[in-house]
Amino acid sequence: VRFTNSGTEACMGMIRLIRAYTNREKVIKFEGCYHGHADSFLVQAGSGVATLGLPDSPGVPKAATQGTLCASYNDLESVKKIFEDNKDEIAGVILEPVVGNSGFT
């Protein structure tokens, strides 16, 4: 067990762990899901990105997000396609079980 100061730190540690364990760099996340403020998570992330109508977060270098692949939320076929297109390259999948940017109030 590792304690962290924030969800961002927890997600960063988890990504580092699965990449080290699998020796693979690519991670699948879902459009609109937010996993913290680290550069590699700010791809189609929702939060301020969704509010501003921007496709990605300004200031995040493309190199920081090259290993982040986005699937459509609640669409298993989109996940299967990413796995097929990136055979033996996926370290893991990160999922926000209830999307905070889905309009629930």
Side-chain angles (χ1 to χ4, degrees):
V1 173
R2 181 174 190 122
F3 294 98
T4 62
N5 291 314
S6 68
T8 297
E9 285 183 11
C11 289
M12 290 170 63
M14 180 276 303
I15 293 293
R16 185 171 294 138
L17 178 67
I18 64 171
R19 285 178 171 157
Y21 182 79
T22 63
N23 201 29
R24 299 174 180 179
E25 291 188 15
K26 295 182 180 179
V27 175
I28 298 174
K29 69 174 289 291
F30 294 87
E31 297 168 357
C33 291
Y34 180 74
H35 303 290
H37 208 68
D39 286 354
S40 63
F41 302 131
L42 295 175
V43 178
Q44 298 177 3
S47 191
V49 176
T51 304
L52 298 172
L54 302 170
D56 291 305
S57 190
V60 175
K62 288 182 182 180
T65 60
Q66 288 177 339
T68 306
L69 309 173
C70 290
S72 298
Y73 188 79
N74 205 25
D75 181 356
L76 188 56
E77 293 305 315
S78 73
V79 178
K80 288 179 183 178
K81 180 164 180 16
I82 291 173
F83 270 100
E84 290 168 3
D85 292 347
N86 297 275
K87 188 169 176 62
D88 299 324
E89 297 180 61
I90 307 292
V93 178
I94 186 169
L95 171 67
E96 185 179 17
V98 177
V99 182
N101 296 301
S102 62
F104 294 124
T105 55

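FYI, the numbering just counts along the sequence from 1.
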Asp85, CG: over 12 other non-hydrogen atoms inside 6.0 angstrom
yes
Work out which heavy atom in Arg24 is nearest to a heavy atom in Glu89; give both atom names and the distance.
CB-O, 3.5 Å
For the student: nearest non-hydrogen atoms of Ala91 and Thr22, plus distance
CB-OG1, 3.3 Å
With rounding to the nearest 0.5 Å, note down the distance linking CD1 in Ile82 to CD1 in Ile28.
5.0 Å
Verdict with supporting geometry, Phe30 and Asn74, side-chain contact (heavy atoms from CB on, under 4.5 Å):
CA-CA 9 Å; Phe30 294 87; Asn74 205 25; over 6 Å; no
Taking atom CG of Asn23 and atom CD1 of Ile18, what is their separation to the nearest 0.5 Å?
12.5 Å
Find the distance between CD (Glu25) and CD1 (Ile15) and round it off to the nearest 0.5 Å.
12.0 Å
Approximate separation, where rounding is to 0.5 Å, of Met14 CE and Glu9 CD:
14.0 Å
Determine, using the 4.5 Å side-chain heavy-atom cutoff (strictly less than), whether Phe83 and Leu95 are members of one ILVMFWY cluster.
yes
Less than 4.0 Å between a side-chain N and a carboxylate O, is that true for Lys81 and Glu84?
no
Judged by atom type as modelled, is there a donor-acceptor pair below 3.5 Å linking the side chain of Ser78 to the main-chain atoms of Ser72?
yes
